[in-house]
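These numbers were taken from a predicted model, which means no experiment stands behind them. Note on naming: letters A, B, ... go to the chains in the order of the sequence lines (proteins, then strands), and numbering restarts at 1 for each one.
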Amino acid sequence: MIDIKALREDPQRYIDGAQAKNIDVDIPALLAIDEDRRSLNKQREDLRAEQKRISKEIGPQIGQLKGKLKNASDDESDAIKQELQSLEAKPASLKKEIQTIDDSMSSIDEQWHTLLLQIPQPPDADVPKGESADDNIELRTWAPEGYDVTKSFAENTGFEPKDHLTLVNELQLADFERGVKMAGTRHYVLTGNGMLLQQAVLGFAFDLITQKYDFTPMSVPVILREECMVGTGFFPSGREQAYHIEESSRGSGHDLFLAGTGEVGLMGMFGDEIIDAAKLPMKMATVSTCFRREAGAAGRDTAGLYRIHQFEKVEQVVICKADEEESRMWHQTMMGIVEDLLQQLELPYRLLQCCTADLGAKNADMIDIECWMPGRGQLDSDGKPEGAWGETHSASRLYDYQCRRLNMRYRDEDGNTVFAHSLNNTVLASPRILIPLLEMHQQQDGSVRVPGCLQPYMNGMTVIEPQTCPTS
RNA sequence: GGUGGGGUGGCCGAGCGGUUGAAGGCGCCGGUCUUGAAAACCGGUAAGGGGCUUGUCCUCUUCAUGGGUUCGAAUCCCAUCCCCACCGCCA
């Protein structure tokens with residue numbers, strides 16, 4: 001959520017920001033409503049103040065009169081009753097006025113809040129302007145010693161690569177048909193060494209982030225209340241992307257939503273809290289199952305392990321003081337961790353500075369990390385894929401946008417409460433990461449080499465070879 | 001799922017419908033005392049919004065949430081949510 005005060009002071013900045021992000025919101029309408037809301041509120045407050053004042057004045061009198069009434073003669077009692085009536089009349093008329101304002105306030109308030117939640121965070125000035133993801137800018141690339149990403153896989157290795165679907169089938173690492181049978185399109189079963197490999201990459205990634213980089217390991221809910229989804233900024237705009245558990249329709253409590261990322265739980269944990277400043281920065285990591293409906297992606301990446309409804313992800317989150325420098329520093333640090341991870345996995349990658357159009361409402365800045373996937377991309381004249389970069393990580397810098405929504409604050413040196421800054425980044429998401437892993441480390445004989453860092457997580461296995469398993 | 005008990009400030013905890021934004025305690029901050037510390041004592045200590053005369057100013061909201069009764073609600077009524085205990089079921 002943006003700061004309404006900042007919007008009042010500099011609406012243009014938010015109008016430009018929304019435009020740069022290609023997000024359609026009516027900021028002048030919000031400002032008009034905000035104005036109405038404030039003036040109505042002022043009226044109401046004045047009336048209430050008056051009401052309170054009168055009430056304090058006549059309250060004791062009424063009390064006294066009512067006491068007298070109990071043991072009064074008939075004559076006296078009539079006089080007292082009249083006096084009571086006239087005393088009570090004045091605040092009663094104020095009450096009606098207040099109620100009228102209350103009624104118009106409640107509808108205005110709702111509109112105000114709905115609009116406010118939709119206003120995107122303006123991109124930082126140093127984020128390049130762009131029209132679409134095509135305008136993202138490559139920051140740097142890395143490839144293992146001896147591998148040149150500008151050349152084809154065959155030129156690098158001396159043999160034609162298979163794509164991950166072929167590898168997965170030949171090595172019996174996944175069973176798509178049975179996944180679809182059970183749960184529908186975009187579902188899969190990881191089988192035998194496929195599951196072993198997934199557990200290995202997740203274990204490696206989780207140990208790296210928690211042990212080498214000292215992020216606190218956490219397990220958080222992945223079925224969450226709507227407040228968490230709104231608070232982390234995934235709702236209302238991304239409502240269609242989340243699975244919805246309609247518990248309320250069964251007469252019980254409230255609805256729940258399946259999280260698309262561990263970030264929701266890691267951040268939601270501290271909603272409505274005033275955090276002890278000494279605990280900042282808080283560095284946390286979780287490994288969780290992630291659920292995405294992929295609404296609107298019909299027909300895209302339908303085959304294989306790239307775009308699926310359910311996957312596992314190790315996620316890193318940092319909550320730090322509201323300091324731009326510190327925030328930027330953590331952003332870099334979190335990307336450095338991913339670079340370390342990908343280098344140990346020996347996977348070519350590049351960092352992409354996302355342009356304004358690719359940011360999403362909540363980010364001030366976002367860097368994607370993409371791995372080289374030889375089996376992806378356009379087909380060449382021989383019908384072979386040219387290879388392509390595929391997104392495997394995404395590092396967001398949000399300033400206080402998320403913490404403001406979540407009402408997550410800390411106390412600064414002067415004792416003031418301040419909304420914290422938050423950042424998040426993928427550490428590793430599987431099975432998507434298996435695509436570059438299998439495709440890059442395939443060998444001419446059809447087997448797949450296991451990088452050194454994963455071998456301890458695979459009972460010392462150094463090569464993945466064809467196997468038989470119940471799904472074979 | 002059944003029955004019962006509860007939700008009050010950073011925490012614990014009191015609160016006959018009328019200066020109760022809320023006693024008391026703990027914690028925290030400041031002070032006195034002390035060579036220093038502790039103890040003791042004294043004082044301070046909620047958040048959020050709005051206004052303009054921007055002030056050690058005025059004002060509103062907030063005692064789980066939403067509604068209601070009332071001139072007036074932390075206090076009474078209704079609904080919802082949440083927590084705890086016991087029973088049932090259970091990875």
Could you work out the separation of [N] and [M] based on their [atom1] atoms and round it to a whole Å?
{"N": "B:rA40", "M": "B:rA22", "atom1": "C1'", "value": "29 Å"}
{"N": "B:rG7", "M": "B:rC11", "atom1": "C1'", "value": "15 Å"}
{"N": "B:rG48", "M": "B:rC86", "atom1": "P", "value": "39 Å"}
{"N": "B:rG43", "M": "B:rU80", "atom1": "P", "value": "48 Å"}
{"N": "B:rG13", "M": "B:rG17", "atom1": "C1'", "value": "22 Å"}
{"N": "B:rU62", "M": "B:rG6", "atom1": "P", "value": "25 Å"}
{"N": "B:rU65", "M": "B:rC82", "atom1": "C1'", "value": "10 Å"}
{"N": "B:rG1", "M": "B:rA23", "atom1": "P", "value": "40 Å"}

Donor-acceptor side-chain pairing of A:K313 and A:T426 below 3.5 angstrom | no
note: A:L47, atom CG; B:rC71, atom C1'; distance rounded to Å ~ 15 Å
Rounded interatomic separation in angstrom, taking CD1 from A:I98 and C1' from B:rU70 | 14 Å
CD/A:Q19: more than 12 non-hydrogen atoms of other groups inside 6.0 Å | no
Which atom pairs, donor and acceptor, lie under 3.5 Å between side-chain atoms of residues 213-222 of chain A and protein residues at least two apart or in another chain?
{"from": "A:Y213", "atom 1": "OH", "to": "A:D340", "atom 2": "OD2", "distance (Å)": "2.6"}
{"from": "A:T216", "atom 1": "OG1", "to": "A:K283", "atom 2": "O", "distance (Å)": "3.4"}

Watson-Crick/G-U partner (both atom distances under 3.5 Å) of [N]:
{"N": "B:rU61", "answer": "B:rA47"}
{"N": "B:rC82", "answer": "B:rG6"}
{"N": "B:rC71", "answer": "B:rG18"}
{"N": "B:rU54", "answer": "none"}
{"N": "B:rG1", "answer": "B:rC87"}
{"N": "B:rC33", "answer": "none"}

SB check A:D102 A:R48 (cutoff 4.0 Å) | yes
Looking at A:D126 and A:R328, does any basic side-chain N land under 4.0 Å from a carboxylate oxygen?
-> yes
Candidate list A:D365, A:N424, A:N425, test side-chain hydrogen bond (donor to acceptor under 3.5 Å, both in side chains), partner A:R397, passing option = A:D365
Do A:E312 and A:P431 come within less than 4.5 Å of each other through their side chains, counting heavy atoms only?
-> no
Could you run through nucleotides 45-60 of chain B and give me one letter per nucleotide, 5' to 3': B if any protein heavy atom sits under 4.0 Å from the base, S if only the sugar-phosphate is that close, - if neither?
-> --SSBSS-------SS
